[in-house]
Amino acid sequence: MIRVAQWATGAVGKTILRGVLDRDDLELVALLVYGDRKAGRDAGDIARRPPTGVLATKDIEDVIAARPDVVMHSPRLQVPYETHDADLVRLLSAGINVVTTAGHHFPRAHGPAREELFADACRRGGSTLFGVGISPGVIGERLALSLSGVSVTLDRITIDEVLDARAMPDPDFLFTVMGMGSDPGKLDGTGPLPTLYGLLYRETIAFLCDRMGVVPDDIVPDHRIVPALTDLTVAAGPIAAGTVATTEWRWHALVGGTLFLTLAIIWTCEPDRPEYAGRDHWRVHVRGRPEMVMTLNLVEPDEPGVRTTAAQYVTAGPALRAIEHVVAAPPGVFAAPVFGPYHASRAAR
């Protein structure tokens, strides 16, 4: 039996919490929440499950005192990207493994000092850190890398994500963290949101390049901010015409002066616009010998009385599947292995 603590109960956190409670091989021993409204409530009540006897707390020391084998860390992504660093270091230093859905899956992307921050905490606590979700976490790091492994030669990879953000229920996340409804002029390349997503997705780009044996000369941002054509009403609230309704975060990795990898993350509250209508949720295009295109689409669940979305399931699932592997891993920053990806040192001329 693996002892589990759940950290945060937003949309993804609550989905993970239910996944923990529904498994016979996991025991929930602690639950951390951020708001007074949830503090002191039974975890089962928060998760719409039977009572567990585990009461929600706002104190990290209560979580540590419960002696979990692993913390399922799923707070909201925040500006700045480093917001959650201190909590992660405290947990890891206390000897608790952490699976997080808030980035942190390849700290090496930001240089040796940031990598050592977490590596040192893992050494001191004999613990393991693993950052995972669907993107970052699976689309590029596993699926695109796996697809590269059938290439005889590989010239370029393009990964596109196009997701409908209209059903996002949390106003703070949609308007503050995603930037919807804001002044388009304030989302320039040096602002807090371009910086946040540049740091987050730099880890995906750096991980792919590292595993394929290439060193990027540069990672070049190429963003596009699209204002709403008309006044919109979405789940989180109104979006006025002329304010941000779509963000296209895009980066190009250059290798040897040539475009090698493009990652585009497109979130839209106007999915019926001509440039987005009918596009797949994810599309991976590998150019080389052979040239390949792989697509992936989410199907919303049709379960009466269930409000969990496909996006919540697909983010929670990789974290839940990782638990036993992270607990069994040696101390350090964990990376899920991918069999036989393309590698530049072993490529055909």
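Within the 4.5 Å cutoff, the side chain of Val214 has heavy atoms near those of the Cys209 side chain. Met180 is listed as a side-chain neighbour of Phe175, based on a closest heavy-atom distance under 4.5 Å. The closest side-chain heavy-atom distance from Arg90 to Ile60 is below 4.5 Å. Looking at Val20 and Leu320, their side chains come closer than 4.5 Å, going by heavy atoms from C-beta outward. Side-chain atoms of Cys122 and Leu129, non-hydrogen and from C-beta on, do get closer than 4.5 Å to each other. Side-chain contact check for Thr52 versus Leu21: some heavy-atom pair is nearer than 4.5 Å. At a threshold of 4.5 Å between non-hydrogen side-chain atoms, the residues Val33 and Arg41 do not count as touching. Two residues are said to be in side-chain contact when any heavy atoms from C-beta on lie closer than 4.5 Å; His110 and Glu82 fail this criterion.
Heavy-atom contacts from other residues, nucleotides or ligands closer than 6.0 Å to CZ of Arg67 number 12 or fewer. In the displayed structure, Arg48 atom CZ is contacted under 6.0 Å by more than 12 heavy atoms of other residues, nucleotides or ligands.
A donor-acceptor pair is defined here as one N or O able to donate and one able to accept, closer than 3.5 Å; no such pair exists between the side chain of Arg202 and the backbone of Ile219. Checking side-chain atoms of Ser182 against main-chain N and O of Val244 turns up no donor-acceptor pair under 3.5 Å. A donor-acceptor contact shorter than 3.5 Å links the side chain of Glu300 to the backbone of Ala310. Side-chain N or O atoms of Thr243 include none that pairs as donor or acceptor with a backbone N or O of Ile239 at under 3.5 Å. Side-chain atoms of Asp222 never come within 3.5 Å of backbone atoms of Arg250 as a donor-acceptor pair (strictly under, hydrogens ignored). In this structure, Asp218 contributes its side chain and Leu254 its backbone to no donor-acceptor pair below 3.5 Å. Not one N or O on the side chain of Thr262 forms a donor-acceptor pair closer than 3.5 Å with the backbone of His252.
One distance of note links NE2 of His223 with CG of Leu187; it measures 10.0 Å at 0.5 Å rounding. For the atom pair CG (Leu263) and CG (Leu208), the distance works out to 8.5 Å, reported to the nearest 0.5 Å. Distance check: Arg273 CZ to Leu229 CG gives 4.0 Å after rounding to the nearest 0.5 Å. One finds the CD atom of Glu303 at 7.5 Å from the OG1 atom of Thr308 (value rounded to the nearest 0.5 Å).
Listed by chain and number, the residues in a ring-ring contact (aromatic ring centres under 6.0 Å, His included) with Tyr276 amount to none (sequence neighbours excluded). Shown here are the ring-ring contact (aromatic ring centres under 6.0 Å, His included) partners of His105, two or more places apart in sequence or in another chain: there are none. The ring-ring contact (aromatic ring centres under 6.0 Å, His included) test applied to Phe106 returns Phe207, not counting sequence neighbours. Applying the ring-ring contact (aromatic ring centres under 6.0 Å, His included) criterion to His84, with sequence neighbours excluded, gives His73.
The two residues Ala144 and Ile159 make their nearest non-hydrogen contact at CB-CD1, 3.9 Å. When all heavy atoms of Ala241 and Asp231 are compared, the pair lying nearest together is N-OD1, 2.8 Å. The heavy-atom pair separating Ala253 from Ile205 by the smallest distance is CB-CG2, 3.8 Å. Between Trp251 and Pro221, the shortest heavy-atom distance links the atoms CD1-CA, 3.9 Å. Nearest heavy atoms, Pro50 versus Asp42: O-OD1, 4.4 Å. Between Thr128 and Pro331, the closest heavy-atom pair is OG1-CA, 3.8 Å.
Of the candidates Val162, Thr268, Ile225, Thr246 forms a side chain to side chain contact (heavy atoms under 4.5 Å, CB included) with just one, namely Thr268.
Side-chain polar atoms of Gln6 and Ser74 form a donor-acceptor pair below 3.5 angstrom. With 3.5 Å as the limit, one finds a donor-acceptor pair spanning the side chains of Glu203 and Tyr81. Residues Thr158 and Arg287 bring a donor and an acceptor atom of their side chains to less than 3.5 Å of each other. In this model, a donor atom of one side chain and an acceptor atom of the other lie less than 3.5 Å apart for Thr204 and Glu141.
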Worked check of side chain to side chain contact (heavy atoms under 4.5 Å, CB included) between Leu193 and Thr247: CA-CA 10 Å; Leu193 288 187; Thr247 55; over 6 Å; no

Go through the steps for Thr309 and Leu298 under the test side chain to side chain contact (heavy atoms under 4.5 Å, CB included), then give the verdict. CA-CA 10 Å; Thr309 66; Leu298 298 176; over 6 Å; no

Arg166/Leu232 under side chain to side chain contact (heavy atoms under 4.5 Å, CB included): CA gap, chis, key distance, verdict: CA-CA 9 Å; Arg166 292 176 299 177; Leu232 304 173; over 6 Å; no

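Under the 4.5 Å side-chain heavy-atom criterion for ILVMFWY residues, a single connected hydrophobic cluster contains both Leu77 and Ile134. Neither Val29 nor Ile2 shares a network with the other; the hydrophobic side chains, linked directly or stepwise wherever heavy atoms of I, L, V, M, F, W or Y lie under 4.5 Å apart, form separate groups for each.
In summary, Arg123 and Asp120 engage in a salt bridge, as defined by a charged side-chain N under 4.0 Å from a carboxylate O.
Within the structure, ring pair (Phe, Tyr, Trp, His ring centres under 6.0 Å) pairs that include any residue of residues 278-320 do not occur (at least two apart or interchain). Applying the ring pair (Phe, Tyr, Trp, His ring centres under 6.0 Å) test to residues at least two apart or on different chains, the pairs with a partner in residues 112-149 are His104-Phe118, Phe130-Phe334.
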